[in-house]
Amino acid sequence: MATDIPPRPDYKPMMPAEPIEKTDETPRSERIKAAFKEQRGNAGARLKDWLNTGDLDEVAVIHMATETKQRKQDQAVAQQERLAAQAHARFAVAKARAEQEDGAVSASGLARLAGDVAEADAKLEALRSRVVLPPNDREIDRARHGKRAGRAAAVAGGAFGSLPVLGVAAEQAANGQPMILAALGVAAGYGWYLVSRPFDAGQPAPAPTEQLAAPIDLTKQEVQPGMREFNAPPPPALTVQQLEEALRKTGLVKGDEQLAILAVPQRDKDGNTTVVFDLPGGQKVANLQSKLEEFAGAIGRDSTMVDVQKAGSAVRTSLWITDEDPFEDVRPSPLIKSSGQIDAFKDGVPVAWAKRGNTIRLPISISNIAVGGGTRSGKGVGASNLAVGSTFDPRINLRIVAGKNNAEWNPYAAAGVAATYFKPDPDRLVALLDALIADKDRRERDLDKLGKGKMVAPVIEQLGGIELLVMDELATYTRPGKPRRDEIIEKMVLLASVAAGAGILMVAITQYPGVDVFPTELAVNFTTKWAMRVDTAQQSNAILGAGSSGQGRDASKFDPPRPGLGWLVNPFAGVTDKARSFDLDEDDRGEITMLLERSAKIREAAGRLAGQWEDPIEKHLLNATGLSSAAGGPKRDGVPGRNVLNHTPEQRMQMDALRGCLVAMNDLGRDVAQLKEMAEIIGGGMDEERLGELLRAGGAGGTVKVTIPGLPNRVNGYKRADIADALDLLEGR
């Protein structure tokens, strides 16, 4: 039975479908080819941009260039370390052979090997102390070109290399990473998607070496037992914003000016920070250096913790920052660990270290040197580093004029390395300056014959070496009212102004820096200056030059004042900054004597100990005064006497006989003795007749009648007083 079912209210009858409009008659295969062609174009553009290092910004390239320079420096140091080790090994083997087999190695051969060791050590020290400066524009461009060449080589190496992302995956798969190998198909598909996306010119491409990874949550979580803690690297010591704010406070950045940051602030592996930037508005690096104290305070540091250098141009600044005072701890002299000869003319003498820890070497070549500072400021230690170091170059004739009667400089005489040494004596100083002026004239004539305008390394020995006059406590001779003050200053001015080119140099050390002690006409020719702690800016300027305190170089503002810390200015060594002298102690540790014993061996092998060579300066002094101060005089204590070093062999035998007689009287316990009993005590083949001849020739005269306890009658003999007087006369006392 049919039943009528009423229709639902929402029911609508189905209408016939409208025909679909066909918009593209191109076959499907053609459309796929067109799409793939477009993708290949995108991939090619992206690859071209990658090959052109479009994905690397300027900062990344600067970092690459910096790493390249540091790597080359490390390689050079490693290579020189190997060469130095080989030189030490060759010398040690030769020395052992010479000790075990007499004549197996000649003295000249050992000397040559020792010279090789010294040269290798000097080069190694120079390399280690070399500061790696930020890269210049040429080095930055070279780094980018090198990266381009490397990428081009990678593309030429294979098909995978031509696809950046796929190339990374393939490289990891080849290195034995199975998960990458298993997922290579997925990675390849996703990698093609990355490189084939639309690419607009100038759009940075994703880093080809960047690996896909899940986002990392850097929020610090509680470390559970067995879990590995992740420590993020420390934050930058200085942000760009903080740097700009500090420069605004010092007036070097104004208004809307901004810095051009070339290398962003980043901590080095040793914890220090270096940033390279260009100053705006025509400001120069020198302007920042003159305001270093103010700038250091603006970034929350002391000026000893901040270093500013030019990085190529006058506006490009290399700013180095540390969080600790680099001068807080003392450092021993590098010479303590070195026993070889140095080249003080070319490489300089190690005297101090700078903020960045590099060794400062002062060349003894064309610059007079002034060292000044108050009591206990460390100026004596700084000067000792220079004087001791100079003795390791046998071509340097060291002449010391002391300002006190203590034994501070006696070790130089005891070791025989001081060509001249005497204690306060203005008359002898005038004679010494006259001798140096005469020698200057002789040297200039020799330079004229050699066709040279000044002393250069090849002619040092032909001219007789380098004259280095060290004057300690200058005020002893140049303070107003001192004997012969005007003569001394006049002759010093003459030598300081014209003698340096002939190889005659001076080191002036003063505890009382001031224009009355160190006159401007003299100070202006001392181009190397080392000012340690003084009381006033005027005293600082007397050493460093007028106006230096206004430029930020003020030795009265050390905080804290450390012994040996001072402003060191040497335009030839490229130094104008704070430096601290190496610790070198004689009274407690005997380090100066130990070093001088080493240098004496070097000088003896070269025939340049006092008395081994014809010294025109000491010859002049002997002719002018009748007394010798070679190696500190007869007793080597700074008191001139008769020319002991040039006694005849007969005179030396006479002195030995006189000394033997005094020893014999001591043994006998009396002040008189007969020839026979003294000859028996002296021994060594000495007989009564020969002893009498030597005593008479030595000035003791003939025998006299003496009374000897235990003998009933007076006998012929000698008195102690006559023997002692004759010995004093021979020794020049």
Side-chain angles (χ1 to χ4, degrees), residues 58-59 62-63 66 131-135 232-329 353-358 537 548-562 565-568 575-580:
E58 190 68 16
V59 172
I62 290 174
H63 280 309
T66 302
V131 177
V132 179
L133 295 175
L238 184 71
T239 65
V240 175
Q241 182 179 358
Q242 291 172 330
L243 175 60
E244 285 193 350
E245 183 178 351
L247 290 171
R248 289 185 189 279
K249 288 181 179 179
T250 56
L252 296 176
V253 175
K254 303 175 182 178
D256 58 353
E257 293 178 339
Q258 292 184 339
L259 299 177
I261 304 295
L262 303 179
V264 296
Q266 183 175 358
R267 286 185 186 270
D268 302 330
K269 58 184 179 182
D270 54 5
N272 302 326
T273 299
T274 303
V275 55
V276 181
F277 57 89
D278 285 345
L279 288 166
Q283 297 286 357
K284 296 182 179 180
V285 177
N287 298 341
L288 177 56
Q289 290 173 333
S290 66
K291 297 184 177 182
L292 191 63
E293 293 281 352
E294 183 181 352
F295 172 74
I299 60 175
R301 288 171 175 80
D302 187 81
S303 60
T304 58
M305 304 161 70
V306 180
D307 185 41
V308 174
Q309 295 182 4
K310 280 201 307 182
S313 66
V315 300
R316 184 152 298 174
T317 310
S318 172
L319 171 63
W320 175 89
I321 306 170
T322 185
D323 294 330
E324 299 179 357
D325 187 349
F327 300 125
E328 183 175 2
D329 298 324
W353 77 92
K355 294 175 181 176
R356 303 195 188 196
N358 54 298
S548 294
S549 60
Q551 298 173 1
R553 299 189 293 275
D554 191 342
S556 67
K557 293 185 177 180
F558 292 128
D559 184 21
R562 305 186 188 279
L565 177 62
W567 278 100
L568 179 58
V575 179
T576 304
D577 209 339
K578 292 178 181 176
R580 188 175 185 185

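Between Arg562 and Glu328, some side-chain heavy-atom pair lies under the 4.5 Å cut-off. Using a 4.5 Å cut-off on side-chain heavy atoms (C-beta onward), Ile261 and Leu243 make contact. Residues Val285 and Val308 are in side-chain contact: their nearest non-hydrogen atoms beyond the backbone lie under 4.5 Å apart.
Under the rule for a side-chain contact (heavy atoms from CB on, under 4.5 Å), the partners of Lys249 that lie at least two apart in sequence or sit in another chain are Glu245, Ala298. By the side-chain hydrogen bond (donor to acceptor under 3.5 Å, both in side chains) test, Lys355 pairs with Asp577, sequence neighbours left out. In this structure Val253 satisfies the side-chain contact (heavy atoms from CB on, under 4.5 Å) test together with Leu247, Arg248, Glu257, Leu259, Pro280, sequence neighbours excluded.
Put simply, CZ on Arg356 and CD on Gln309 are 4.5 Å apart, with the number rounded to the nearest 0.5 Å. With rounding to the nearest 0.5 Å, the separation of CD in Gln283 from OG1 in Thr250 is 8.5 Å. Taking CG of Leu288 as the start and NZ of Lys310 as the end, the distance is 13.5 Å to the nearest 0.5 Å.
Shown here for Phe558 and Leu565, the closest heavy-atom pair between the two residues is CE1-O, 3.6 Å. Glu324 and Thr322 make their closest contact through O-CG2, 3.1 Å (heavy atoms, listed as atom of the first residue, atom of the second, distance). Pairing each heavy atom of Arg301 with each of Ile321, the nearest pair is NE-CG2, 2.9 Å. Closest approach of Lys284 to Leu279, counting heavy atoms only: O-CD1, 3.4 Å. Summarising the geometry of Phe295 relative to Ala246, their closest heavy-atom pair is CE1-CB, 3.8 Å, with the distance given to 0.1 Å. When all heavy atoms of Ser303 and Leu292 are compared, the closest pair comes out as O-CD2, 4.2 Å.
Under the side-chain contact (heavy atoms from CB on, under 4.5 Å) rule, Ser318 has a single partner from Asp307, Thr274, Val275, which is Thr274.
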Determine, step by step, whether Leu252 and Asn287 satisfy the side-chain contact (heavy atoms from CB on, under 4.5 Å) criterion, reporting the C-alpha distance in whole Å, the side-chain angles of both residues, the deciding distance to 0.1 Å, and the verdict.
-> CA-CA 8 Å; Leu252 296 176; Asn287 298 341; 3.9 Å; yes
For Val276 and Arg316, what are the C-alpha separation, side-chain angles and deciding distance, and is it a side-chain contact (heavy atoms from CB on, under 4.5 Å)?
-> CA-CA 7 Å; Val276 181; Arg316 184 152 298 174; 4.0 Å; yes
Could you walk me through whether Glu294 and Lys557 pass salt bridge (charged side-chain N to carboxylate O under 4.0 Å, His left out), step by step?
-> CA-CA 13 Å; Glu294 183 181 352; Lys557 293 185 177 180; over 6 Å; no
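Between the side chain of Ser313 and the main chain of Ala311, no donor-acceptor pair closer than 3.5 Å is present.
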